Amino acid sequence: MTHRIVLPRIMEIGAGAIQKMPDILGVLSCQRPLLITDPMMVQLGHAGRLTDILETAGLSCAVFADTMAEPTEDSLQPALEQLKSGDFDALIALGGGSAIDTAKALALLEARGGCMADYKVPRIVDEPGLPVIAIPTTAGTGSEATRVTIITDASTDEKMLCMGLGFMPMAAIIDFELTLTVPARVTADTGIDALTHGIEAYVSRKASLFSDEQALAAIRLLAPNLRKAYHNPNDRAAREAMMLGSTLAGIAFSNASVALVHGMSRPIGAHFHVPHGLSNAMLLPAITEYSLSAATARYATCARAMGLARETDSDDVANTRLLAELRALNAELKVPTLAGFGVKESEFMALLPVMAEQALASGSPGNNPRVPVQEDIIDLYKTVWHQE
């Protein structure tokens, strides 16, 4: 059995890596980029800094700065019109996962046409689009190193999972200094998202020796530094570890797939507008407990990578500590319940069959160590609703 590993062609990693943008464009033979970003990146000065770097190097860069937090097919249209109206040869994505997902989608739509529903799974999109250079400003989604993008169909509230080589960025600039301005809530949500990526990649039925090594390395970086970055945003060592851990976790799950947590998380985000990392955090303890019996040794290895157990401790001891830690982490990072977030119980319960169907349709639950049927997912949603 073989495993096809897909990575960005170039990854520039470290403090100040954003300064290398002109060099990377040169390597890719691109001279006319369109920057895809959001109003916060403009407000914080990150977008202006990037355009200044390019202008100093003699490169002009147009800007689209109106990406939305949960991109939809409709939200892509203004950017797509700007992209089509200019002679652009590359897209630069600056921001969190939403900006990067937006750029990935635009790259395919401009080159291949159609709508995003044409590209959702089970179709695998290997046709190339415009080159995308991803610059993450959060340590969480790992989207800079994945062949995945998520775009919501606003008419059905379905988060469409789109996958394939065509969605892999050509290059990624991984500069942890861009995360020093990230607020505590976003640090927590994106950090737990990254930790979930690492754990799910390791226990996935599609895991390989390659993805295992990336996943465990990510977990070792993320677990001891998430609280530090949350409580002390200026802790540069913690921020650097989180940023690298996020990218490694992205590489791991892009090559091994995520599992049940992500499958169930996407419908919650689509229907109730819960940020993706936050909905993952809400689900992770309960889904881990449900799945433990089918991958006892693998979850125990995750616990050891997190520093929760020694090699001499039994798997059962390690997994007991893992569940306790996931719950403690949610408590310390102030992850709310669904009710605490503002979701109405009657609306949530009414949508359970639809959400379970959408979760299964994404394919992610099929990668879980314990593969659920629709009724299992409904029961798990109920469990998550009633958890303290």
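All values derive from a computational prediction rather than experimental measurement.
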Undergrad: Applying side-chain hydrogen bond (donor to acceptor under 3.5 Å, both in side chains), run through S265 and N280 and close with a yes or a no.
TA: CA-CA 6 Å; S265 177; N280 277 350; 2.9 Å; yes
Undergrad: Hydrophobic clusters here meaning ILVMFWY residues chained together by side-chain heavy-atom distances under 4.5 Å, can you tell me if L244 and L226 are in one?
TA: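 Looking at the clustering, L226 is in a separate group from L244.
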Undergrad: Does any N or O in the side chain of E200 come within less than 3.5 Å of the main-chain N or O of V261, such that one atom is a donor and the other an acceptor?
TA: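 Yes: the side chain of E200 pairs with the backbone of V261.
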Undergrad: For L308, does its backbone N or O pair with a side-chain atom of R321 as donor and acceptor, under 3.5 Å?
TA: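 Yes.
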Undergrad: Just by modelled atom types, is the M282 backbone N or O under 3.5 Å from a matching donor or acceptor in the Q387 side chain?
TA: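 The answer is yes, because a donor-acceptor pair under 3.5 Å joins these two groups.
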Undergrad: Taking the basic N atoms (NZ, or NE/NH1/NH2) and the acidic carboxylate oxygens, is any pair closer than 4.0 Å for R327 and E289?
TA: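 Looking at R327 and E289, the cut-off is met.
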Undergrad: Same cluster or not: are L284 and M264 linked, directly or through other Ile, Leu, Val, Met, Phe, Trp or Tyr residues, by side-chain heavy atoms under 4.5 angstrom apart?
TA: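 Same cluster.
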Undergrad: For L333 and R227: C-alpha separation, side-chain torsions, deciding distance, then whether side chain to side chain contact (heavy atoms under 4.5 Å, CB included) applies.
TA: CA-CA 8 Å; L333 272 54; R227 285 180 172 88; 4.3 Å; yes
Undergrad: So F167 and V148, side chain to side chain contact (heavy atoms under 4.5 Å, CB included) or not? Walk me through it.
TA: CA-CA 6 Å; F167 294 112; V148 177; over 6 Å; no
Undergrad: Kindly indicate whether the side chain of I150, heavy atoms from C-beta on, has any atom under 4.5 Å from the side chain of M160.
TA: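 Sidechains of M160 and I150: no contact.
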Undergrad: Supply the atom-to-atom distance L360 CG to M355 CE, rounded to the nearest 0.5 angstrom.
TA: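 Between L360 CG and M355 CE, I get 12.5 Å after rounding to 0.5 Å.
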Undergrad: Any donor-acceptor pair under 3.5 Å linking the side chain of N225 with the backbone of K228?
TA: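 Side chain of N225 to backbone of K228, a donor-acceptor pair under 3.5 Å: no, none is there.
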Undergrad: Short question: side chain of N330, backbone of A281 - any donor-acceptor pair under 3.5 Å?
TA: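 Side chain of N330 to backbone of A281, a donor-acceptor pair under 3.5 Å: yes, one is there.
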Undergrad: After noting the C-alpha distance and the side-chain angles of N319 and T296, does the key distance pass the side chain to side chain contact (heavy atoms under 4.5 Å, CB included) rule?
TA: CA-CA 8 Å; N319 287 328; T296 303; 3.5 Å; yes
Undergrad: Heavy-atom distance under 4.5 Å between the side chains of L195 and M306, does that happen here?
TA: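 The answer is yes; the side chains approach within 4.5 Å.
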Undergrad: Quick check: closest heavy atoms across L221 and A241, and the distance to 0.1 Å?
TA: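 Closest pair (atom of L221, atom of A241, distance): CB-O, 3.6 Å.
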Undergrad: Does NZ or CZ of R32 lie under 6.0 Å from the centre of the six-membered ring of F88, at an angle within 45° of the ring axis?
TA: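 Judged by the rule (NZ or CZ under 6.0 Å from the ring centre, within 45° of its axis), R32 is not positioned above F88.
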Undergrad: Establish whether I174 and I219 are linked, either directly or via other cluster members, by ILVMFWY side-chain heavy-atom contacts under 4.5 Å.
TA: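 They do not share one cluster, since no chain of ILVMFWY contacts under 4.5 Å joins I174 to I219.
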Undergrad: Taking side-chain hydrogen bond (donor to acceptor under 3.5 Å, both in side chains) as the definition, give me every residue that meets it alongside K20, ordered by chain and number, with sequence neighbours left out.
TA: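 By the side-chain hydrogen bond (donor to acceptor under 3.5 Å, both in side chains) rule, K20 matches no residue at all.
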Undergrad: Do Q358 and H271 meet the criterion of a side-chain donor-acceptor pair at a distance under 3.5 Å?
TA: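 Short answer, yes.
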Undergrad: State whether the number of non-hydrogen atoms from other residues, nucleotides or ligands found under 6.0 Å of K84 atom NZ is greater than 12.
TA: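 Atom NZ in K84 is crowded, with more than 12 foreign heavy atoms closer than 6.0 Å.
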Undergrad: If you measure from the Lys or Arg side-chain nitrogens to the Asp or Glu carboxylate oxygens, is any gap between R304 and E325 under 4.0 Å?
TA: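 Judged by the 4.0 Å cut-off on N to carboxylate O distance, R304 and E325 do not form a salt bridge.
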Undergrad: How long is the span from the CG atom in N232 to the OG1 atom in T187, to the nearest 0.5 Å?
TA: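 Here the rounded value is 11.0 Å.
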Undergrad: Could you measure the distance from the CZ atom of F253 to the OG1 atom of T141? Nearest 0.5 Å is fine.
TA: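 F253 CZ to T141 OG1: 7.5 Å, rounded to 0.5 Å.
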Undergrad: Do R298 and D212 meet the salt-bridge criterion of a basic N to acidic O distance under 4.0 Å?
TA: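 So D212 pairs with R298 through a salt bridge.
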Undergrad: Examine Y119 and I124 and state if one hydrophobic cluster contains both, with Ile, Leu, Val, Met, Phe, Trp and Tyr joined whenever side-chain heavy atoms are less than 4.5 Å apart.
TA: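 Cluster IDs for Y119 and I124 differ.
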Undergrad: Considering only Ile, Leu, Val, Met, Phe, Trp and Tyr, and joining two whenever side-chain heavy atoms are under 4.5 Å apart, list the other residues clustered with I173.
TA: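 Answer for I173: I10, I18, M21, I24, L25, V27, L28, L35, M40, M41, L44, L50, I53, L54, L59, V63, I92, L94, I133, I135, M170, L178.
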Undergrad: May I ask you to say whether D52 pairs ionically with R49, meaning some side-chain N is under 4.0 Å from a carboxylate O?
TA: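 Salt bridge absent between D52 and R49.
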Undergrad: In chain order, what residues pass the ring-ring contact (aromatic ring centres under 6.0 Å, His included) check against F272, with sequence neighbours excluded?
TA: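 ring-ring contact (aromatic ring centres under 6.0 Å, His included) list for F272, sorted by chain: F348.
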Undergrad: If you round to the nearest 0.5 Å, how far is CE of M116 from OG1 of T72?
TA: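 These two atoms lie 11.5 Å from each other.
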Undergrad: If you compare all heavy atoms of A47 against all heavy atoms of T37, which two are closest, and at what distance to 0.1 Å?
TA: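 Shortest heavy-atom contact: CB-CG2, 4.3 Å.
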Undergrad: I'd like to know if the side chain of T152 and the backbone of A270 have a donor-acceptor N/O pair within less than 3.5 Å.
TA: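 No: the side chain of T152 does not pair with the backbone of A270.
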Undergrad: Could you see if L322 belongs to whatever hydrophobic cluster contains I192? Use Ile, Leu, Val, Met, Phe, Trp, Tyr and a side-chain cutoff under 4.5 Å.
TA: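 Yes.
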Undergrad: When you look at N255 and H3, which way does the side-chain hydrogen bond (donor to acceptor under 3.5 Å, both in side chains) test go after all the steps?
TA: CA-CA 8 Å; N255 289 286; H3 299 272; over 6 Å; no
Undergrad: If you measure from OG1 on T56 to CD on Q19, what distance do you get to the nearest 0.5 Å?
TA: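 Spacing of OG1 (T56) from CD (Q19) equals 8.5 Å.
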Undergrad: May I ask you to test the P372-Y290 pair for a side-chain heavy-atom distance under 4.5 Å?
TA: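 P372 reaches Y290 side chain to side chain.
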Undergrad: Can you see which heavy atom on P365 is nearest to which on S362, and at what distance?
TA: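 In this case the closest contact between P365 and S362 is CD-OG, 3.7 Å.
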Undergrad: Under 3.5 Å, side chain of T179 to main-chain N/O of V182, donor-acceptor pair present?
TA: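 Checking the backbone N and O of V182 against the side chain of T179, no donor-acceptor pair under 3.5 Å is found.
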Undergrad: To check you understand the geometry: which heavy-atom pair defines the closest contact between K206 and S257, and what is its length?
TA: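 Heavy atoms only, the tightest pair is CD-OG, 3.6 Å.
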Undergrad: For R370, is there an ion pair with D376 - N to carboxylate O distance below 4.0 angstrom?
TA: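 Between R370 and D376 there is no salt bridge, as every charged N stays at least 4.0 Å from the carboxylate O atoms.
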Undergrad: Does one side chain, of E70 or H273, offer a donor that lies under 3.5 Å from an acceptor on the other?
TA: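 Their side chains do not contain a donor-acceptor pair, so the 3.5 Å distance test is not met.
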Undergrad: Kindly give the heavy-atom pair with the smallest separation between P267 and A359, and that separation in Å.
TA: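 Shortest heavy-atom separation between P267 and A359 comes out as CG-N, 4.0 Å.
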Undergrad: List the atom of A105, the atom of L76, and the distance in Å for their closest heavy-atom pair.
TA: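 Shortest heavy-atom contact: CB-CD1, 4.0 Å.
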Undergrad: R239 vs E177, test: side chain to side chain contact (heavy atoms under 4.5 Å, CB included). Steps then yes/no.
TA: CA-CA 8 Å; R239 290 290 197 183; E177 291 184 331; over 6 Å; no
Undergrad: Could you go through the side-chain hydrogen bond (donor to acceptor under 3.5 Å, both in side chains) check for T190 and T138 one step at a time?
TA: CA-CA 7 Å; T190 55; T138 63; 4.9 Å; no
Undergrad: State, yes or no, whether a side-chain contact exists between V203 and S291 at a heavy-atom distance under 4.5 Å.
TA: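 Of all side-chain heavy-atom pairs linking S291 with V203, none is under 4.5 Å.
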Undergrad: Which value, rounded to the nearest 0.5 Å, describes the distance between L260 atom CG and S364 atom OG?
TA: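 Output value for this atom pair is 9.0 Å.
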Undergrad: Can E158 and K120 be counted as an ion pair, charged N to O under 4.0 angstrom?
TA: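 Yes, charged N to carboxylate O under 4.0 Å.
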Undergrad: Check for a donor-acceptor pair, side chain of D175 on one end and backbone N or O of A17 on the other, with a separation under 3.5 Å.
TA: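 Here the side-chain-to-backbone pair exists.
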Undergrad: Indicate whether any N or O donor in one side chain lies under 3.5 Å from an N or O acceptor in the other, for E144 and T247.
TA: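 Distance-only check passes for E144 and T247.
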Undergrad: Between R185 and D189 (salt bridge meaning N to carboxylate O under 4.0 Å), is one present in this structure?
TA: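 D189 and R185: salt-bridged.
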Undergrad: Would S143 and K104 count as a side-chain hydrogen bond (donor to acceptor under 3.5 Å, both in side chains) here? Give the steps.
TA: CA-CA 10 Å; S143 188; K104 290 179 178 183; 3.1 Å; yes
Undergrad: Test the R236-F176 pair against the cation-pi criterion, namely NZ or CZ under 6.0 angstrom from the six-membered ring centroid and within 45° of the ring axis.
TA: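 That pair does not qualify as a cation-pi contact.
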Undergrad: If you count heavy atoms of other groups shown closer than 6.0 angstrom to CD of Q31, is the number above 12?
TA: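 Incorrect, the count does not exceed 12.
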Undergrad: Hey, are the side chains of R205 and P369 touching, using non-hydrogen atoms and a 4.5 Å cut-off?
TA: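 A side-chain contact under 4.5 Å is absent here.
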